[in-house]
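Quick notes on the structure that follows.
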Amino acid sequence: AQKVTQAQTEISVVEKEDVTLDCVYETRDTTYYLFWYKQPPSGELVFLIRRNSFDEQNEISGRYSWNFQKSTSSFNFTITASQVVDSAVYFCALSEARTGSSGSARQLTFGSGTQLTVLP
Amino acid sequence: IAGITQAPTSQILAAGRRMTLRCTQDMRHNAMYWYRQDLGLGLRLIHYSNTAGTTGKGEVPDGYSVSRANTDDFPLTLASAVPSQTSVYFCASSVERTPYNEQFFGPGTRLTVL
């Protein structure tokens, strides 16, 4: 069964600090997809990034960067020079590609989330 | 463009009452989903629909039912609410129900069952 672990329940940083949010996943499939979503205080979930299991190239988008390492089953998210507006709950999620009798295939499994607070 | 709308925004409900949470999307997405969000547990899938006319069970389907009469609407019904169904409910949609399609989420419905 697929599983996503976000060990950091809460993180507080001061504005302009860099912060890394950890995500560790478990899957028996060789083809899978990893996602990060942001949930700001307003409550809606916003898609940030998708990564497939065959693409280990790290990605940078502005102040955001993602480090995907299959060897350690991790897909960590770093915010550089954090800002107060980055304060949110961040979710890592996993989706497997195989079709299985359990019905869990193609299901998006979320981690428990990391509450990031950026202080001014 | 609204994306996904959910109603009501919040609701307080007496145990044993029937409640339907509404979800409408205007993106013509084939797949739709219902999740519940509980502190420390992330989001868990309740039910999903691959396309209009079909539905399937997710991780925590007990006590909930869904229907998909058309592409746009995907209501979630609690036949007889219990306090353990107190949660924030999110409706989501994706172009197709594939492992690589990102899901788009509604604003959520906060439900309290007393």
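Chain letters run A, B, ... following the sequence lines, proteins first and then strands; every chain starts at 1.
Phe110(A) contributes atom CZ, which lies 13.0 Å from atom CZ of Arg44(B) (distance to the nearest 0.5 angstrom). Atoms CG and OG, from Asp38(B) and Ser112(A) in turn, are 12.0 Å apart once rounded to the nearest 0.5 Å.
The cluster map of Ile, Leu, Val, Met, Phe, Trp and Tyr, joined by side-chain heavy atoms under 4.5 Å apart, puts Met32(B) and Ile46(B) in the same cluster. Leu76(B) and Val88(B) fall into different hydrophobic clusters, where Ile, Leu, Val, Met, Phe, Trp and Tyr residues are linked whenever their side-chain heavy atoms come under 4.5 Å apart, directly or through other members. By the criterion of side-chain heavy atoms lying less than 4.5 angstrom apart, applied directly or through intervening Ile, Leu, Val, Met, Phe, Trp or Tyr residues, Phe74(B) is not grouped with Ile4(B); the two fall into different hydrophobic clusters. A single hydrophobic cluster is seen to contain both Val4(A) and Phe75(A), as judged by linkage of ILVMFWY side chains at heavy-atom distances under 4.5 Å, directly or through other members. Under the 4.5 Å side-chain heavy-atom criterion for ILVMFWY residues, a single connected hydrophobic cluster contains both Val66(B) and Leu111(B).
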Distance-only criterion, 3.5 Å: show the donor-acceptor pairs between side-chain atoms of residues 82-94 of chain A and protein atoms not counting sequence neighbours.
{"unit_1": "Ser82(A)", "atom_1": "OG", "unit_2": "Glu17(A)", "atom_2": "O", "d": "2.8"}
{"unit_1": "Asp86(A)", "atom_1": "OD1", "unit_2": "Arg63(A)", "atom_2": "NH2", "d": "2.9"}
{"unit_1": "Asp86(A)", "atom_1": "OD2", "unit_2": "Arg63(A)", "atom_2": "NH1", "d": "2.8"}
{"unit_1": "Asp86(A)", "atom_1": "OD2", "unit_2": "Arg63(A)", "atom_2": "NH2", "d": "3.2"}
{"unit_1": "Asp86(A)", "atom_1": "OD2", "unit_2": "Gln83(A)", "atom_2": "N", "d": "2.8"}
{"unit_1": "Ser87(A)", "atom_1": "OG", "unit_2": "Val84(A)", "atom_2": "O", "d": "3.0"}
{"unit_1": "Ser87(A)", "atom_1": "OG", "unit_2": "Val118(A)", "atom_2": "N", "d": "2.9"}
{"unit_1": "Tyr90(A)", "atom_1": "OH", "unit_2": "Asp86(A)", "atom_2": "O", "d": "2.6"}

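At a heavy-atom cut-off of under 4.5 Å, chain B is reached by Gly43(A), Glu44(A), Leu45(A), Phe47(A), Arg50(A) from residues 40-52 of chain A, listed in order of number.
If you measure heavy-atom distances from Gln6(A) to chain B, you find no contacts under 4.5 Å at all. With a 4.5 angstrom heavy-atom cutoff, Leu43(B) touches chain A via backbone and side-chain atoms both.
With a 6.0 Å radius and a threshold of 12 heavy atoms from other residues, nucleotides or ligands, Ile12(B) has its CD1 atom at or below the threshold. Other residues, nucleotides and ligands contribute more than 12 heavy atoms inside 6.0 Å of the NZ atom of Lys70(A).
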For this session: Go through Phe35(A) and Gln103(B) one step at a time and tell me if the side chain to side chain contact (heavy atoms under 4.5 Å, CB included) criterion holds.
Result: CA-CA 10 Å; Phe35(A) 300 79; Gln103(B) 296 182 16; over 6 Å; no
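By number of non-hydrogen pairs under 4.5 angstrom with chain A, the leading residue of Tyr100(B), Phe105(B), Phe104(B), Tyr35(B) is Tyr100(B).
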